[in-house]
Amino acid sequence: MIKCAKCGREYGHFIPPRCICGALLEIRYDYSSIDITKWKNRERGVWKYKELLPPVKKVISLKEGGTPLVRAKMSEKLGFAVFIKDETRNPTGSFRDRLATVGVSYGLSHANNGFIVASDGNAAASLAAYAARANKEAFVVVPKKVDRGKLIQMIAFGAKIIRYGDSVDECIEYASELSRLNGLYDITPENNIIGLEGQKTLAFELWEDINPSHVIIPTGSGSNLYSIYKGFKELLEVGAIEELPKLVAVQSENCSPIASEILGLTSKKDFTKALGLYVKNPINKELATNAVKESGGTAVLVREEELDLGEKELAKEGVFAEYSSAVVIPALLKLHEDGYFEKDDKVALVVTGSGLKSYYVEEKERFSIGGTKLSILRLLRERPMYGYELWENLEKPMKYQAVYQHIKELESLELIEEAYKRGRRTYYRLTEKGQRLLENFEE
């Protein structure tokens, strides 16, 4: 239970960022009773820090958190220590697993009809996985433009996908309405800040590993930046640190409502191929900008043409990141050129999501369910067919035997199944999962 300090209104199940009176809400704990020495010998992960997490009856976990912190090779060239916090190593490949484990665990007793989240992709994939783990239904509201790899994850985990609007901004209110009308537990951070308590554990891990002087954070909605700030602020409250690290918000120059506010510039709200950062009107804008200012940090704008550079430089470090994470590299280099860092600084780059799940369809080849396999799915949508018949109807010339290899792989993915046999011929049809995948690929 949390009470608004301004008007006294109490919140329990859902805790929005703001009270209805307009005051910002924040989940707080009895910091005087926290003994952080208890953390030392526990297994790494989000729930290692349970004293600073909401109480839950049952933990739904996939062993999230405890992600690697790698010293970057570029440290030697730059003249100061740079570390990569690799959140791609979470169970579904992104930092949002930290949100999902807390959101689902806390909401479990309130989610008789299932869970819902509005997301540009990563949070939706995370909720799909954790709801499946909890034997609950997941509904995900995602924009029409969403990375295909993330869609495939949602489908694989059995989520019910609702495509709505051009950016995640339009999905948030719709998810809230669906939650209210259908009795679904909403873990969207802009509607319910409970999951942000999981995301803040990234700060605890950075403190334990290096106690950084600076943290560079890809910023879309601002929720991760605020979460990391809250984590460090709580470390300050319990006496673990003496000052906050400087937080750096990084946004695409095309869509920069938070970074531009910090820098005193006119913001753009145009499309960016860093889809995870395509948030035009972030509800957490005030929280994020205050976090940066209170930490003494700054913001950086990255051009679209610099995204590939960021991706390639991270790959040289052994980390394959999505465009939305790759912004940290050009941001680091810009700040270095401006003389922002000193030789004793320890700079952490937060890499939020894996490149394996974020192929931008207009820039790169489609994910593995593409080409011939996609053509086979489209043919089977019309009617059941057998192998030779599929081969005859495929426009792309290929060996007859290759068709059966594609059929075998589609069967193993549960996208098609045997419909019936007629003599020696086996006819195949789309499964429900195959139908959903095809619908989402073609939107």
Looking at K408 and E411, is there a salt bridge between them, counting it only when a charged N and a carboxylate O are closer than 4.0 Å? no
Assess whether a salt bridge exists between K73 and E317, defined as any Lys/Arg side-chain N lying under 4.0 Å from an Asp/Glu carboxylate O. no
Lys/Arg-Asp/Glu bridge criterion (N-O < 4.0 Å) met for K150, D147: yes
The ring-ring contact (aromatic ring centres under 6.0 Å, His included) partners of Y106 (sequence neighbours excluded) come to none
Salt bridge (Lys or Arg N to Asp or Glu O under 4.0 Å) pairs, two or more places apart, involving residues 207-229: R44-D209, K48-E208
Presence of salt bridge, K273 and D308, under 4.0 angstrom: yes
Report yes if the distance between the aromatic ring centroids of F232 and W207 is under 6.0 Å, otherwise no. no
With sequence neighbours excluded, tell me which residues meet ring-ring contact (aromatic ring centres under 6.0 Å, His included) with Y164. Y174
Between F14 and Y185, is the ring centre distance below 6.0 Å? yes
Pairs flagged by side chain to side chain donor-acceptor pair (under 3.5 Å) wherever residues 114-124 is involved - sequence neighbours left out: N122-E322, N122-K357
Once salt bridge (Lys or Arg N to Asp or Glu O under 4.0 Å) is applied, do any residues pair with E294, and if so which ones, sequence neighbours excluded? none
So that I know where these two stand, are F341 and H336 an aromatic pair - ring centroids less than 6.0 Å apart? no
Look at E311 together with K316 and state whether they make a salt bridge at an N to O cut-off of under 4.0 Å. no
Salt bridge (Lys or Arg N to Asp or Glu O under 4.0 Å) pairs touching residues 229-245, sequence neighbours excluded, are E26-K233, R28-E237, E197-K230, K200-E234, K230-E234
Using a strict threshold of under 4.0 Å (side-chain N to carboxylate O), is an ion pair present between K63 and E43? yes
Are R18 and E190 ion-paired here, with the side-chain N under 4.0 Å from a carboxylate O? no
Inspect the contact between K433 and E414 and indicate whether a charged nitrogen and a carboxylate oxygen are less than 4.0 angstrom apart. yes
Ring centres under 6.0 Å, that's the criterion: do Y278 and F271 meet it? yes
Quick one: NZ on K58 to CD1 on I60, what's the gap to the nearest 0.5 Å? 4.5 Å
